[in-house]
2 protein chains.
Amino acid sequence: MAPKDAKAVKRPSTKVKPPAKAPRKGAAAVRRRLAPEERRRQIVAAAKSLFLEEGIDHVSMRKIARKVGITQAAIYQHFENKEAILFVIIEDFFSDLLHVFEVAVSQETEPAARLRRAMRTYIDFGLSRTEEYRLVFMTPMSGLVRAGVAIPRTEEAKLTPSKGSLAFGMLDSCVHQVVEAGATRDLDPDLVSEAIWAAGHGVVSLLITHGHFPWTDKAALIDLQIDLLLEGLLPAGSPARGENRGGGSSCPFGPR
Amino acid sequence: MAPKDAKAVKRPSTKVKPPAKAPRKGAAAVRRRLAPEERRRQIVAAAKSLFLEEGIDHVSMRKIARKVGITQAAIYQHFENKEAILFVIIEDFFSDLLHVFEVAVSQETEPAARLRRAMRTYIDFGLSRTEEYRLVFMTPMSGLVRAGVAIPRTEEAKLTPSKGSLAFGMLDSCVHQVVEAGATRDLDPDLVSEAIWAAGHGVVSLLITHGHFPWTDKAALIDLQIDLLLEGLLPAGSPARGENRGGGSSCPFGPR
DNA sequence: CAACTAACCGAACGGTGTTTATTTAGGAGG
DNA sequence: CCTCCTAAATAAACACCGTTCGGTTAGTTG
């Protein structure tokens, strides 16, 4: 059918590669070398700022290089590829998430309230850093996630836990406390953690990708989502039913 | 000769432009013209099959064209751009979702069971068509969604509802039936619809992007998620509590 | 001060979506 | 039958993208 044509064409674009003895042409371009760690820092910083200036889709190696003041190729001296840069950004994201989690959880003593606070914190954090959230949780990246960023519960992770593992672990322990306190039906805590994560992620990701959907009331939706989940955990005639409501989002939706 | 073309803007591209008298080079390539609607059909079909063969990221205009047996540029005779092709795929996706919804809902009479069935149907459907799901619900596309695919509740949508609107409307009406039957706490049905959608979406999208996360039990997670949400709707001492459980997924996870 | 390491650059490769001017298939009208 | 004309299809280019490679050179070290 299709000619297919293979690659026989050999791109007749002149070249022929003369010795290219090109000496220093201009006097202006003074090439400044930097310590590798400093360059790495610059590159990551440039990538991050491009991230929230132009969004995840418009971060290119060329733009990063231009922002830093070097050529694209120079980046590869410091990072194996683009994913390696994003990897650092993801690690920082998880690091911040972990910190925010720790602060939030430390402010509540009662297990149920603590879990509620954790869930709200996750949602607010995600909505305040939408571009990074998209990168971390809404983009399937082969090597990245598997590389240890967000794989808790495995033996490997228990030995050298990543920030992602620790962050998930915090949610996990909040749920365990609630379940073990006997305040819920008889449920598998691990499964509950995953369900709560999924529910929170659902709200965050839908609000991010479908921000123009005619939502009835975004803040109320978040409140209700948290509420439904936690109510669903309680046993039939629980006296806690209906308590601990409210506590609206302290985050008026971050950027955008 | 004598083409009416009076403008001859001549893009400032160095010209050079030899007459390019290129005659039929090979004997094989017979240029066949097709009726526009037939070509459109071919292009969409090719795009769809590439979608599930190679995934959303590897569908390019060149690959589509090659599969159809034409050049890239020819596609632009029939579609304004790549998004326009994806648009058709999205419409078909919603059309199928709507149909599946209708069948599912028609098989249940009791409102709560009907809602449970709808939620499970959504999740199973999403997991059976992951690449399209990613395109429709996990990719922010400027013009696309706003173009009327999934914007229910607006006046415009009520006049000429899209398949997406109708699909969401089915979930909406399921929720309304349950709430109006007095089987739940006093909640805004629209808000509940959105929360249930978000929860279902959370499970589907996390399972899609993080399929390698060490999930405790994917099927059990889906069951629990549905369960928590519906339990959370019920009033405090509801006699329905704990009923209507189970009814595990009939879908053993579609492709991949 | 020479030698060496590695940060850096220029140029290219193969890929993407899209646009342009040109060619030509195939139906309609004389 | 034979023109004419519309529009489907083409080839070639444009401006991007991530990545690679060989040569250049800055800055340290022996």
Side-chain angles (χ1 to χ4, degrees), chain A residues 2-3 5-7 9-26 28-40 42-43 47 54 57-66 68-86, chain B residues 1-26 29-40 42-43 47 54 57-66 68-86:
Chain A
D5 191 56
K7 55 167 32 179
V9 195
K10 185 51 180 153
R11 239 294 168 227
S13 65
T14 67
K15 73 139 186 40
V16 182
K17 188 64 71 57
K21 215 73 212 101
R24 267 290 44 131
K25 53 171 59 179
V30 202
R31 186 152 70 184
R32 290 192 51 73
R33 312 179 105 199
L34 254 61
E37 59 211 48
E38 175 63 11
R39 262 292 183 253
R40 276 182 69 97
Q42 283 187 348
I43 292 169
E54 316 198 23
D57 297 326
H58 299 96
V59 177
S60 72
M61 297 299 258
R62 281 169 173 81
K63 281 186 183 170
I64 294 173
R66 207 178 307 136
V68 173
I70 56 179
T71 59
Q72 316 93 282
I75 296 181
Y76 291 86
Q77 201 71 226
H78 306 280
F79 292 92
E80 189 188 341
N81 51 31
K82 191 180 180 183
E83 269 201 359
I85 302 176
L86 302 183
Chain B
M1 64 292 253
K4 72 268 233 56
D5 180 32
K7 1 185 6 181
V9 184
K10 199 61 158 185
R11 265 242 150 267
S13 62
T14 71
K15 66 143 192 16
V16 179
K17 190 62 69 58
K21 213 68 222 141
R24 270 290 46 121
K25 52 171 58 178
V30 198
R31 185 149 73 184
R32 287 183 47 74
R33 311 180 104 200
L34 255 61
E37 58 211 48
E38 175 63 10
R39 263 292 182 253
R40 276 183 70 96
Q42 283 186 348
I43 292 169
E54 316 198 23
D57 297 326
H58 300 98
V59 177
S60 73
M61 297 299 259
R62 281 170 175 79
K63 281 186 184 169
I64 295 173
R66 206 178 311 136
V68 173
I70 56 181
T71 59
Q72 317 91 284
I75 296 181
Y76 290 86
Q77 200 73 227
H78 306 280
F79 292 93
E80 189 187 342
N81 51 30
K82 192 180 179 182
E83 269 201 358
I85 302 176
L86 301 183

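Each chain gets a letter, A, B and so on, in the order the sequences are listed, and its residues count up from 1.
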How long is the straight-line distance from [atom2] of [Y] back to [atom1] of [X], given to the nearest 0.5 Å?
{"X": "Ile70(B)", "Y": "His78(B)", "atom1": "CD1", "atom2": "NE2", "result": "6.0 Å"}
{"X": "Ile64(B)", "Y": "Ile75(B)", "atom1": "CD1", "atom2": "CD1", "result": "5.0 Å"}
{"X": "Thr71(B)", "Y": "Arg66(B)", "atom1": "OG1", "atom2": "CZ", "result": "12.0 Å"}

Any side-chain N or O of His78(B) under 4.0 Å from OP1/OP2 of dA7(D)?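 Checking His78(B) against dA7(D): no side-chain N or O falls below 4.0 Å of OP1 or OP2.
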Could you tell me how far apart [X] ([atom1]) and [N] ([atom2]) are, to the nearest whole angstrom?
{"X": "Arg39(B)", "N": "dA9(D)", "atom1": "CZ", "atom2": "C1'", "value": "8 Å"}
{"X": "Ile70(A)", "N": "dA26(D)", "atom1": "CD1", "atom2": "P", "value": "16 Å"}
{"X": "Leu34(A)", "N": "dG27(D)", "atom1": "CG", "atom2": "C1'", "value": "12 Å"}
{"X": "Phe79(B)", "N": "dG17(C)", "atom1": "CZ", "atom2": "P", "value": "15 Å"}
{"X": "Glu37(B)", "N": "dA8(D)", "atom1": "CD", "atom2": "C1'", "value": "14 Å"}

Under the side-chain hydrogen bond (donor to acceptor under 3.5 Å, both in side chains) rule, collect the residues that match up with [X], sequence neighbours excluded.
{"X": "Arg39(B)", "value": "Gln42(B)"}
{"X": "Gln72(A)", "value": "none"}
{"X": "Glu38(A)", "value": "Arg41(A)"}

Output a table of nitrogen or oxygen pairs between the protein and nucleotides 3-6 of chain C separated by less than 3.5 Å.
| residue | atom | partner | partner atom | Å |
| --- | --- | --- | --- | --- |
| dA6(C) | N3 | Arg33(A) | NH2 | 2.8 |

Can you name the side chain to side chain contact (heavy atoms under 4.5 Å, CB included) partners of Gln77(B), sequence neighbours left out?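 Gln77(B): no side chain to side chain contact (heavy atoms under 4.5 Å, CB included) contacts found.
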Which protein N or O atoms sit under 3.5 Å from an N or O of nucleotides 16-20 of chain D?
| residue | atom | partner | partner atom | Å |
| --- | --- | --- | --- | --- |
| dC17(D) | OP1 | Ser60(A) | OG | 2.8 |
| dC17(D) | N4 | Arg62(A) | NH2 | 3.3 |
| dG18(D) | OP1 | Met61(A) | N | 3.4 |
| dG18(D) | OP1 | Lys82(A) | NZ | 2.8 |
| dG18(D) | OP2 | Met61(A) | N | 2.8 |
| dG18(D) | N7 | Arg62(A) | NH1 | 2.6 |
| dG18(D) | O6 | Arg62(A) | NH2 | 2.9 |
| dT19(D) | OP2 | Tyr76(A) | OH | 2.8 |
| dT19(D) | OP2 | Lys82(A) | N | 2.9 |
| dT19(D) | O5' | Tyr76(A) | OH | 3.2 |

So which heavy atom on Tyr76(A) is nearest to which on Asn81(A), and how close?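 Taking Tyr76(A) first and Asn81(A) second, the nearest heavy atoms are CE2-CA, 3.9 Å.
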